[in-house]
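As structure tokens, the structure follows; a few thoughts come after it.
None of these values were measured; they are calculated from a predicted model. Just so you know, ligand 1 is whichever comes first in the structure, and atom 1 is the first atom listed for that ligand.
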Amino acid sequence: MSNEQPDRFSDRELQAMAEPPPHAREEPAASLHSALTMAEAKKFLDFSPDALIIVDALGLMVLVNSQAAALFGYAEAELVRQPLEMLLPARFHTAHVAHRLDYATAPLPRPMGVGLDLVGRRKDGSEFPVDISLRPVLLEQAFHVVGAIRDITVQRFLERERAVQTERISQLTALIDLAHDAIQVQDPLGRILLWNRGAEELYGWTAQEALGRVAHVLLQTHFPESQAAVDAELERAGSWEGELVQTDRQGRALVVDCRRVLIRDEHSHPAAIFVIARDITERRRQEQAQAAVYTETLAQRAFLQELLDALPSGVSVVHGHEARLLLTNHAAASIWGAPWPVGQPMRAFLEERHIRLVEASGRALREDAWATMRALLDGETVLQHQEVIRQPSGASVPVLVNAVPLTSAHWQSLGVQDEQGRGQPGHKGIREPLALVIYQDVRLLKEAEYFKEEFIGITAHELRQPLAVLKVAVGTLLRQTARGHGTKLSSWQQEMLQDLDQATDRLTDLTDDLLDVSRLQAGRLSLQRAVTDLVSLTQRVVKRFQQTASRHHLEFSSDQARLEAEVDTRRIEQVLTNLLTNAVKYSPQGGPVQVTLSTRAAARSVEIRVQDGGIGIPAYQQARIFGRFMRADNAQAAGIGGTGLGLYLCRALVEQHGGQLWFESTEGVGSTFFTTLPLSPDVSSSGEAQSGPWAKRHQRKM
Ligand code: ADP
């Protein structure tokens with residue numbers, strides 16, 4: 001509030017005030033009211049309820065009524081003969097004097113300061129908004145002006161309030177129209193008072209069409225129980241929420257999620273109902289469709305479970321990098337010896353139940369070697385993987401495991417739902433690996449196999465004795481005949497004896513092989529290792545062969561003069577003999593057979609290669625050629641005899657030495673068999689190794 005004194009006028013102002021306006025002095029305006037006396041005027045002023053002030057031509061207040069004095073906080077006497085400007089803030093003084101003088105030039109009754117915010121100043125310095133009407137009067141025959149002053153503080157406040165309210169309402173209306181939801185305001189009888197754009201879009205009626213209509217009639221609303229129940233709840237709780245079925249302008253049924261709020265007036269009487277509705281027709285339709293699919297999927301899953309439980313093999317479906325169980329069957333539980341809970345990772349299950357997965361040899365199987373993990377992590381299809389399950393009870397269950405990676409498309413068809421909702425109808429974007437794992441309990445097979453091995457072993461063993469007797473007898477007969485002892489045999493008898501001798505040899509070889517196989521199966525085939533020079537050993541075998549194989553030309557070469565390895569000489573000889581026998585036997589037309597020894601310095605091993613130009617092995621049988629009793633079709637078709645045990649034994653023997661045996665073959669072109677064997681640690685000191693393994697080749701024709 002300004003504190004300036006009412007009498008602080010500039011000299012110019014005071015002078016201007018002292019001068020009566022020219023018109024007032026010279027020719028009083030015709031419109032002036034008829035002359036009043038001061039006493040009459042005073043009476044009139046006191047009688048009026050308004051604050052009135054009469055100012056003379058000099059701008060001095062000549063009459064002030066009590067209302068005016070009270071309005072400005074003065075006593076009447078304090079104002080009389082004082083300049084009018086003392087009732088204004090000082091900042092308006094100059095302008096006011098100018099206005100006043102200006103008014104005197106055209107003194108008509110009019111409100112003062114149109115378009116201006118007029119401000120009064122009380123005695124205490126406080127200011128307030130005023131509205132002033134001016135009217136010229138002739139008082140005591142002189143020009144005066146009556147001013148009626150009204151304090152418009154309250155009016156201004158109300159105006160401001162109204163402006164704010166108007167602004168709020170217009171913002172609210174804009175917001176209501178912006179909302180996607182259908183918004184209505186209804187009167188307590190349900191007649192529509194407000195209908196936003198969302199309502200127009202949802203129901204199809206424009207605001208113009210909808211306003212004034214009864215909402216539930218227009219929209220043919222079906223209430224969950226009854227309209228009365230909804231109204232009662234609205235009345236009781238002030239709001240209601242629920243689903244309604246309504247009909248739009250086109251007659252389509254809509255399902256809406258609806259909220260209603262009751263608005264009460266200051267007397268707590270219902271004034272209006274605020275209604276928000278959201279269209280959930282499509283969502284409900286989708287949910288219903290999904291629910292139907294889900295129910296069907298569950299039924300499929302139950303059927304699948306029934307099927308699985310009827311299977312004799314253990315079946316599990318696992319997912320993710322931890323192999324969490326999705327689905328399993330009864331047989332699996334009996335193979336594990338414990339039930340595997342759905343959702344549990346495989347390792348956690350095995351640890352919790354003290355179950356171990358081991359190799360056939362009894363060595364623990366590394367997690368990444370489990371058929372299940374290979375299928376899940378590498379996407380590999382693992383077939384007939386031998387694993388042994390050590391059950392919680394300690395029992396061992398040998399199993400053959402088939403693990404097949406599945407694609408994500410299988411999730412749904414499995415009817416499976418995991419903890420993240422995957423596999424639920426409508427679920428998309430599954431990236432976790434999934435695998436089907438089948439465990440075949442081979443305990444019975446193993447037992448049968450064991451008995452078979454036992455039988456073969458015993459039979460072979462029992463055959464050896466009579467065969468040895470036969471061999472000795474035939475040998476003696478042949479030798480004695482050759483020396484001319486005893487009865488002379490005819491030539492056909494001698495031929496028969498020789499056939500008998502060869503057949504005995506073949507039978508002996510077969511029983512030897514069978515015995516080896518049964519020893520191998522039982523893990524009883526042990527090696528008698530000794531440091532041996534592989535160059536001379538191989539050379540010896542090749543030489544022996546060359547003596548009998550007249551139609552074949554055997555070549556031997558080695559990059560070293562001497563190659564020492566710790567091997568079972570008899571067994572390595574057996575391997576080489578077998579490979580050479582095959583090379584000769586399966587190239588019936590004759591031809592070269594090359595035997596090559598070469599060192600692999602980095603791997604500290606030797607590679608023995610036996611190459612022939614014979615009938616070769618058909619590609620479609622190559623993968624199985626190392627199997628027991630496995631013979632290729634072309635060998636049998638060519639009438640070449642054999643048992644199919646040699647290669648099986650050779651590979652086992654070489655692997656037992658820490659080496660490897662494999663081959664490359666083209667049917668009709670020939671075969672090359674490769675054998676690697678680890679060398680003794682001091683190989684660098686032997687032969688030519690110091691000057692480089694490939695420096696000089698030792699080549700000899702046999
Ligand atoms: P077999 O007593 O039948 O020779 P093996 O186990 O030694 O038994 O060989 C298995 C099969 O592999 C043979 O029957 C033959 O079909 C094939 N085979 C082995 N070596 C050769 C070779 N050098 N050339 C062609 N086929 C071979």
Side-chain angles (χ1 to χ4, degrees), residues 453 456 459-460 463 467 502-521 525 538 541-542 544-546 548-556 570-597 607-657 659-676 702:
E453 303 300 344
I456 291 173
T459 313
L463 269 175
L467 273 176
Q502 279 171 13
T504 314
D505 280 347
R506 281 210 301 277
L507 260 178
T508 308
D509 286 349
L510 174 63
T511 49
D512 281 352
D513 280 355
L514 282 174
L515 272 174
D516 279 348
V517 168
S518 87
R519 282 192 198 111
L520 204 67
Q521 292 294 320
L525 199 145
T538 313
V541 177
V542 173
R544 200 176 66 226
F545 261 85
Q546 189 62 78
T548 51
S550 54
R551 291 200 296 143
H552 293 82
H553 173 67
L554 274 75
E555 276 181 18
F556 171 80
R570 193 171 71 81
R571 292 301 186 184
I572 294 303
E573 221 175 297
Q574 183 183 344
V575 171
L576 292 173
T577 304
N578 216 310
L579 296 179
L580 273 168
T581 305
N582 285 349
V584 169
K585 188 165 72 169
Y586 295 111
S587 44
Q589 74 289 3
V593 173
Q594 279 151 3
V595 181
T596 316
L597 262 72
E607 183 186 279
I608 307 170
R609 207 180 311 165
V610 180
Q611 187 176 10
D612 66 59
I615 63 172
I617 301 167
Y620 67 92
Q621 287 182 309
Q622 291 186 359
R624 287 176 293 134
I625 211 71
F626 285 103
R628 268 186 305 168
F629 304 108
M630 177 62 202
R631 303 211 62 219
D633 292 342
N634 62 343
Q636 300 196 62
I640 304 171
T643 60
L645 285 174
L647 287 182
Y648 169 77
L649 279 173
C650 285
R651 178 178 262 187
L653 287 170
V654 170
E655 285 179 354
Q656 222 170 335
H657 276 87
Q660 283 178 308
L661 175 61
W662 73 99
F663 69 93
E664 289 167 5
S665 182
T666 309
E667 195 178 0
V669 176
S671 313
T672 307
F673 280 80
F674 302 86
T675 307
T676 59
M702 303 286 159

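Shown here for Ala632 and Ile617, the closest heavy-atom pair between the two residues is CB-CG2, 4.3 Å. Heavy-atom minimum distance, Leu580 versus Val541: CD1-CG1, 3.7 Å.
Within the structure, ligand 1 has Lys585 among the residues with a heavy atom less than 4.0 angstrom away. At a 4.0 Å cut-off, not a single heavy atom of Phe663 sits close enough to ligand 1 to count as contact.
Considering backbone and side-chain N/O of Leu647, one or more are found under 3.5 Å from N/O of ligand 1. Residue Gly644 places at least one N or O, backbone or side chain, under 3.5 Å from an N or O of ligand 1. At a 3.5 angstrom cut-off on N or O pairs, Asn634 does not count as close to ligand 1. Where the criterion is an N or O separation shorter than 3.5 Å, residue side chain and backbone included, Asn582 meets it with respect to ligand 1. Between Ala632 and ligand 1, an N or O atom pair is found at a separation short of 3.5 Å.
In terms of protein heavy-atom proximity, atom 3 (O) of ligand 1 is closest to Arg631 NE, 2.6 Å. Distance from atom 23 (N) of ligand 1 to its nearest protein heavy atom, with residue and atom name: Asp612 OD2, 2.9 Å. At the top of the distance list for atom 26 (N) of ligand 1, counting protein heavy atoms only, stands Ile617 CG1, 3.4 Å. The nearest heavy-atom contact from the protein to atom 12 (O) of ligand 1 is Ile625 CG1, 3.3 Å. The protein heavy-atom contact nearest to atom 21 (C) of ligand 1 is Tyr586 CD1, 3.5 Å.
Contact atoms of ligand 1 toward Gly616: 25 (C), 26 (N) (distance under 4.0 Å to a heavy atom of the residue). Interface atoms of ligand 1 facing Ala635, defined by a heavy-atom separation under 4.0 Å, are 15 (C), 16 (O). Every atom of ligand 1 with a heavy atom of Asn578 under 4.0 Å away is listed here by number and element: 7 (O). Of all atoms in ligand 1, listed by their number and element, those nearer than 4.0 Å to a heavy atom of Ser671 are 22 (C), 24 (N), 25 (C). Of all atoms in ligand 1, listed by their number and element, those nearer than 4.0 Å to a heavy atom of Gly642 are 1 (P), 2 (O), 3 (O).
Checking side-chain atoms of Gln660 against main-chain N and O of Thr675 turns up no donor-acceptor pair under 3.5 Å. Under a 3.5 Å cut-off, the side chain of Thr511 and the backbone N or O of Leu463 do not form any donor-acceptor pair.
Nearest to atom 2 (O) of ligand 1 by heavy-atom distance, out of Ile615, Thr643, Asp513, is Thr643.
One finds no salt bridge joining Glu573 and Arg571 here, because no Lys/Arg side-chain nitrogen approaches an Asp/Glu carboxylate oxygen to under 4.0 Å. For Arg519 and Asp516, the salt-bridge test passes: some basic side-chain N is under 4.0 Å from an acidic carboxylate O.
For Phe663 and Phe673, the gap between ring centers is short of 6.0 Å.
A cation-pi arrangement, defined by a distance under 6.0 Å to the six-membered ring centre and an angle within 45 degrees of its axis, is absent between Arg609 and Phe674.
Contacts of Met630 with ligand 1, taken as heavy-atom pairs under 4.0 Å, involve the backbone alone. Only the backbone of Leu645 comes within 4.0 Å of ligand 1, counting heavy atoms alone; no side-chain atom from C-beta on gets that close.
Applying the side-chain contact (heavy atoms from CB on, under 4.5 Å) test between Tyr586 and each of Asp612, Ile615, Thr581 identifies Ile615 as the sole match.
Taken from CG in Leu653 to OH in Tyr648, the straight-line distance is 10.5 Å, to the nearest 0.5 Å.
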Handout entry: CA sep, side-chain torsions, deciding dist, call: Gln574, Asp513, side chain to side chain contact (heavy atoms under 4.5 Å, CB included)
Key = CA-CA 10 Å; Gln574 183 183 344; Asp513 280 355; 4.2 Å; yes
Problem - Derivation of the side-chain hydrogen bond (donor to acceptor under 3.5 Å, both in side chains) call for Ser587 and Arg551 - result: CA-CA 10 Å; Ser587 44; Arg551 291 200 296 143; over 6 Å; no
